[in-house]
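Order of the sequence lines sets the chain letters (A, B, ...), proteins ahead of strands, with each chain counted from 1. Quick note: numbers below take in every heavy atom, side chains included, and nothing from hydrogens, waters or symmetry partners.
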Amino acid sequence: MAFPHRPDAPELPDFSMLKRLARDQLIYLLEQLPGKKDLFIEADLMSPLDRIANVSILKQHEVDKLYKVENKPALSSSEQLCFLVRPRIKNMRYIASLVNADKLAGRTRKYKVIFSPQKFYACEMVLEEEGIYGDVSCDEWAFSLLPLDVDLLSMELPEFFRDYFLEGDQRWINTVAQALHLLSTLYGPFPNCYGIGRCAKMAYELWRNLEEEEDGETKGRRPEIGHIFLLDRDVDFVTALCSQVVYEGLVDDTFRIKCGSVDFGPEVTSSDKSLKVLLNAEDKVFNEIRNEHFSNVFGFLSQKARNLQAQYDRRRGMDIKQMKNFVSQELKGLKQEHRLLSLHIGACESIMKKKTKQDFQELIKTEHALLEGFNIRESTSYIEEHIDQQVSPIESLRLMCLLSITENGLIPKDYRSLKTQYLQSYGPEHLLTFSNLRRAGLLTEQAPGDTLTAVESKVSKLVTDKAAGKITDAFSSLAKRSNFRAISKKLNLIPRVDGEYDLKVPRDMAYVFSGAYVPLSCRIIEQVLERRSWQGLDEVVRLLNCSDFAFTDMTKEDKASSESLRLILVVFLGGCTFSEISALRFLGREKGYRFIFLTTAVTNSARLMEAMSEVKA
Amino acid sequence: MNRTKGDEEEYWNSSKFKAFTFDDEDDELSQLKESKRAVNSLRDFVDDDDDDDDLERVSWSGEPVGSRTRPGSFQSLSDALSDTSAKSYAPELGRPKGEYRDYSNDWSPSDTVRRLRKGKVCSLERFRSLQDKLQLLEEAVSMHDGNVITAVLIFLKRTLSKEILFRELEVRQVALRHLIHFLKEIGDQKLLLDLFRFLDRTEELALSHYREHLNIRDPDKRKEFLKTCIGLPFSAEDSAHIQDHYTLLERQIIIEANDRHLESAGQTEIFRKHPRKASILNMPLVTTLFYSCFYHYTEAEGTFSSPINLKKTFKIPDKQYVLTALAARAKLRAWNDVDALFTTKNWLGYTKKRAPIGFHRVVEILHKNNAPVQILQEYVNLVEDVDTKLNLATKFKCHDVVIDTCRDLKDRQQLLAYRSKVDKGSAEEEKIDALLSSSQIRWKN
């Protein structure tokens with residue numbers, strides 16, 4: 001059980017330096033406003049900040065009081081206000097309201113805005129419009145890489161997904177390029193680069209530009225990481241939409257892991273208090289079960305509990321000296337293990353309770369049917385009932401998207417009836433959500449017959465460019481057929497299983513979905529790494545609508561050690577799930593690689609759906 | 001002004017900073033070295049004004065640098081950073097980028113765009129001809145940085161008439177998407193609607209207008225606003241949804257006023273027994289139907305709050321109606337109503353039980369609402385599929401159904417197994433024993 005790394009697995013680079021770097025930059029910026037000051041922190045930045053600094057560090061640098069940026073008037077009486085925010089318009093408006101209120105009251109203070117990870121021109125424009133440009137000084141805190149674990153770096157930018165994949169805004173591409181540039185300065189160069197997706201290609205090109213402009217830093221250094229692989233989330237929506245069944249993914253789906261830590265409520269801690277728990281490789285119990293299929297976790301935990309009991313039991317029959325030794329040397333470790341064990345057992349119980357209540361078994365059955373493409377009618381009526389009973393707006397949406405992507409869009413009759421029922425069950429304003437999902441290609445309607453794409457191309461030849469643009473846009477959801485069924489066949493995503501799939505001894509990456517499905521994203525990465533190119537994958541690339549966006553870039557490898565060539569940095573643009581991480585960790589163990597994950601944010605199906613929802617104001 | 005890299009090296013190795021050179025291979029310093037490399041990578045070497053003098057004179061704490069002793073060892077980078085020498089390698093990090101004004105007039109579009117990407121304020125005013133402006137935009141788009149594209153668009157929006165701007169963006173989809181998102185974010189609804197109108201994107205225009213209702217709190221105002229949405233160019237399908245949205249809110253306002261009055265008057269039993277937890281305003285249709293089945297079940301079709309009226313007005317399918325009514329009446333433990341929901345009379349006057357949602361669902365919903373076993377049993381018995389029936393009966397402890405079904409199946413083994421699940425000495429156990437010892441039944445196993 002638990003996955004030991006192969007003895008020949010390469011060592012991971014030490015990413016803790018990124019934390020030090022971010023902390024030092026922040027301190028530097030705070031010192032730019034000498035003297036006592038109050039610090040206003042945007043809620044979304046609190047957890048990342050927590051991971052690299054603490055209050056006493058802030059206090060050391062003369063931060064007096066801490067406030068959350070909320071839409072409330074500030075009660076601060078400090079002479080200096082410092083704002084630590086994401087570059088968002090609403091934050092600018094908030095700051096402007098504070099500054100302008102001060103002005104009106106004839107009060108002068110110093111204001112500083114620290115944008116993280118970077119400033120946007122649109123924000124400055126708002127400051128200018130509000131008449132406070134020049135009254136506030138602006139700075140950037142380029143904190144864009146947070147090591148959440150030894151092999152996981154997060155940019156903590158969940159909005160990347162909506163901004164790019166729904167709105168088509170490329171504002172974060174430079175942030176990604178900068179982050180890659182920083183990584184290559186510290187751990188680079190990367191001799192082999194691969195990528196798939198429009199965004200991946202743009203980020204790669206911008207990054208290359210940066211390197212060319214500021215070359216010299218990495219030249220002549222030996223690469224630490226042999227490969228980098230960039231992948232757009234929209235290359236594989238399916239995997240991200242599935243219910244997760246490996247432990248870490250399940251914990252994320254159930255309790256929401258936020259910035260590497262989770263709040264376990266009283267139902268888990270079996271006390272009246274909630275507990276914030278860091279989940280990473282340092283938690284020895286968690287580290288052994290995080291990648292396991294949930295069905296294995298119980299057995300493991302109870303074995304562990306028995307061992308622990310046995311170790312405690314050794315106390316009996318000890319003499320004083322032995323006892324003293326035991327207490328001073330082992331007890332602490334045992335107690336720690338005991339604490340962790342009881343937490344994870346509590347979490348498992350709570351997960352079981354919730355899953356039994358919502359009939360998880362039936363849900364998973366439906367998902368598997370959708371992935372394999374059988375019993376579509378039954379699945380559709382399952383989704384219908386789900387909606388009618390108002391089970392959960394997000395879950396219903398997720399299932400509809402899964403149906404749509406695996407089936408290349410819903411047939412118009414189903415689309416209409418599911419949409420109507422959805423609006424009736426969860427509120428008419430979700431009309432806007434449906435429009436978003438359609439634009440993002442997550443939930444579409446099949447064209448009456450496949451002829452439209454042909455019509456489209458014919459029409460565009462006939463009319464002027466201008467009109468063609470319009471038409472292409474109108475049909476954009478059509479142009480992007482998901483082709484899941486064909487891709488699945490080509491890449492063997494549905495393993496043929498004779499008899500039971502033994503989840504205790506996984507034989508392929510499909511174990512992360514109970515043996516029913518190999519995550520598409522991970523399969524692509526596996527295939528490309530095997531070939532060291534896209535060769536022979538032309539058809540898959542075409543089906544993925546990525547013919548223009550699959551690239552490879554290799555430099556001479558003479559300097560790269562064989563160890564570094566087994567280290568692979570995978571960059572997920574738009575988020576990756578814990579299931580994908582587990583699957584690639586498994587692949588790494590099989591092949592003697594080690595993967596390092598860089599993601600714009602850790603995501604799951606609920607987060608993706610929420611990003612597409614129009615929330616009530 | 002522009003310090004080259006060579007100067008940089010010299011600066012680092014100048015005698016002033018002998019106290020620690022970065023050539024030192026000391027372990028504790030290697031951390032610092034790596035950080036230096038990283039920090040350096042973040043800075044631009046291009047323009048660096050000579051504020052350095054300031055940095056040299058004053059440390060962060062404001063003390064003159066000279067008074068500080070510089071220890072040879074550094075515990076952490078943050079300690080080291082508070083030392084001026086360490087600090088001076090990262091002056092750019094701290095200086096507000098906004099202060100880097102650029103008065104040069106001869107940057108080419110591509111240089112300008114590159115400088116914008118680095119976060120520098122860069123005057124765009126000299127790009128006055130349409131051709132120059134468009135070239136600037138194209139450079140920005142080809143560099144892929146959305147922030148820069150938006151910066152150029154802000155400039156274009158300010159310096160071009162909207163007709164010209166729209167016309168040019170129509171053939172530049174990437175830039176167009178950025179403008180649309182920008183307008184959404186800053187809330188320039190008017191220009192956004194103009195843009196959609198120009199582009200002939202009627203559906204987006206309609207949706208964009210409709211979206212505004214989310215910001216209107218007052219229910220009457222919101223209702224009036226929704227009314228203005230009805231004629232908008234939605235797809236035929238969405239038009240119907242918008243009409244329904246308006247009608248629903250209109251109904252909710254009437255029901256809400258009426259029920260609030262009833263509740264506060266305290267004369268109506270149902271409101272006394274089950275005080276309302278929230279207002280019905282802005283709730284989904286199904287929730288409204290549930291509410292109406294809960295509080296207004298027996299009302300005649302003519303009233304706005306009656307379930308039948310809602311069903312007709314919004315063409316709620318039978319299935320959905322039965323599901324919701326069942327949940328509401330079960331919650332009130334109104335078992336007679338539940339019974340009536342599934343009772344149909346045929347033309348001969350015989351009654352028959354029928355459920356459009358399947359009796360297994362009925363059982364589940366009843367169970368969720370804590371229906372007693374006698375009630376559950378009745379509906380479990382109506383489940384057609386024997387396996388499902390047996391499963392449900394076992395799950396919800398409807399002993400009689402399990403026992404009878406086993407008997408009908410002549411499944412002695414299963415009955416035996418079930419015996420261990422019922423209480424010792426209970427009536428069920430007796431019943432099982434009686435069956436097991438009966439000579440009338442020809443067991444299949």
Side-chain angles (χ1 to χ4, degrees), chain A residues 17 20-21 23-25 27-29 31-32 34 89 118-122 124-126 137-140 142 163 167-174 181-182 185-186 202 205-206 209 214 217 385 388-390 416 420-421 423-429 431-432 435 465-466 469-470 473 614 616-617, chain B residues 31 34-35 37-42 60 62 76-78 81-82 87 90 93-94 96-98 117 119 143-147 149-151 154 170-171 173-174 177-178 180-182 185-186 199-200 207 210-211 213-215 237-238 241-242 244-245 248 284-287 314 316 319-320 323 361:
Chain A
M17 189 203 305
R20 289 203 301 275
L21 207 59
R23 186 178 54 224
D24 294 343
Q25 284 183 21
I27 290 168
Y28 185 86
L29 292 169
E31 290 290 343
Q32 292 294 297
I89 303 293
Q118 70 166 110
K119 179 180 70 183
F120 286 144
Y121 287 100
E124 284 189 309
M125 187 210 76
V126 173
S137 63
C138 297
D139 252 319
E140 290 181 337
D163 283 348
E167 305 289 0
D169 193 318
Q170 298 165 197
R171 53 161 66 141
W172 299 113
I173 290 183
N174 184 44
H181 182 52
L182 175 63
T185 325
L186 295 172
M202 290 193 289
E205 284 173 9
L206 193 51
N209 281 342
E214 295 171 28
E217 289 287 347
E385 264 178 39
D388 288 349
Q389 295 195 47
Q390 297 182 309
R416 244 155 251 162
T420 303
Q421 292 176 70
L423 299 181
Q424 294 185 341
S425 269
Y426 301 120
E429 63 279 6
L431 200 67
L432 299 164
S435 148
D465 277 357
K466 187 176 151 173
K470 240 180 243 174
D473 210 67
E614 290 294 329
K616 286 183 187 174
Chain B
Q31 276 188 0
E34 281 169 307
S35 290
R37 206 184 301 137
V39 174
N40 270 348
S41 76
L42 300 174
W60 286 9
S76 79
L77 192 59
S78 50
L81 253 182
S82 63
K87 183 186 172 192
L93 278 174
K97 290 255 172 79
R117 197 205 68 222
M143 203 179 57
H144 311 317
D145 182 354
N147 181 33
I149 298 173
T150 305
I154 292 171
E170 190 171 18
V171 289
Q173 290 291 323
V174 171
R177 278 196 287 272
H178 281 80
I180 291 172
H181 190 215
F182 170 74
E185 282 204 309
I186 62 163
L199 298 170
D200 227 4
L207 285 165
Y210 170 71
R211 177 179 282 110
H213 86 268
L214 293 169
N215 303 320
E237 179 203 352
D238 283 358
H241 294 313
I242 299 289
D244 278 355
H245 191 175
L248 179 64
L285 175 62
V286 170
T287 311
F314 296 100
I316 299 172
K319 243 168 117 174
Q320 177 71 74
L323 210 57
R361 281 273 170 253

### Query
Is there a side-chain contact between A:R171 and B:T150 (heavy atoms, below 4.5 Å)?
no
#### Entry: Close side-chain approach of B:E185 to A:F120, heavy-atom, < 4.5 Å
no
### Message
Please classify the contact between A:Q424 and chain B as side chain, backbone, both or neither, with a heavy-atom cut-off of under 4.5 Å.
### Response
both
### Query
Measuring from B:I149:CD1 to A:Q170:CD, what's the distance to the nearest 0.5 Å?
4.5 Å
### Task
Could you grab the distance from atom CZ of B:R211 to atom CD of A:E614, nearest 0.5 Å is fine?
4.0 Å
### Query
Who among B:I180, B:L207, B:L248 has the most heavy-atom pairs with chain A under 4.5 Å?
B:L207
### Message
So which residue, A:I173, A:L206, A:I89, A:D388, ends up with the most heavy-atom pairs under 4.5 Å with chain B?
### Response
A:D388
### Separation of B:R177 CZ from A:D169 CG (nearest 0.5 Å)
10.5 Å
#### Entry: Residue selection (most heavy-atom pairs with chain A, distance under 4.5 Å) from B:V174, B:I186, B:D244
B:I186
### Task
Measure B:I242 against the heavy atoms of chain A and call it side chain, backbone, both or neither at under 4.5 Å.
side chain
### Summary
d(B:H144 NE2, A:E205 CD) to nearest 0.5 Å is 4.0 Å
### Summary
With chain B, the option among A:L423, A:N174, A:V126, A:D163 that has the most non-hydrogen atom pairs under 4.5 Å is A:N174
### Query
Roughly how far apart are B:I316 CD1 and A:T420 OG1, rounded to 0.5 Å?
12.0 Å
### Task
Of all the heavy-atom pairs spanning B:P284 and A:Y426, show the shortest one and how long it is.
CG-C, 3.5 Å
### Task
Name the region of A:Q389, side chain, backbone, both or neither, that has any atom closer than 4.5 Å to a heavy atom of chain B.
both
### Task
Decide yes or no for A:L431 and B:H245: does some side-chain heavy atom of the first lie under 4.5 Å from some side-chain heavy atom of the second?
no
### Region of A:M202 in contact with chain B, defined by heavy-atom distances below 4.5 Å
both
### Query
Side chain, backbone, both or neither: which part of B:L323 has a heavy atom under 4.5 Å from chain A?
side chain
### Message
Minimum heavy-atom separation for A:E429 and B:L214, please, with both atom names.
### Response
CB-CD2, 4.0 Å
### Message
For the CG atom of A:N209 and the CG atom of B:D145, what is their distance to the nearest 0.5 Å?
### Response
11.0 Å
### Task
Give, as side chain, backbone, both or neither, the part of B:I154 having an atom under 4.5 angstrom from any heavy atom of chain A.
side chain
## Note on the structure
What one should report as the nearest heavy-atom pair of A:S425 and B:T287 is O-OG1, 4.5 Å
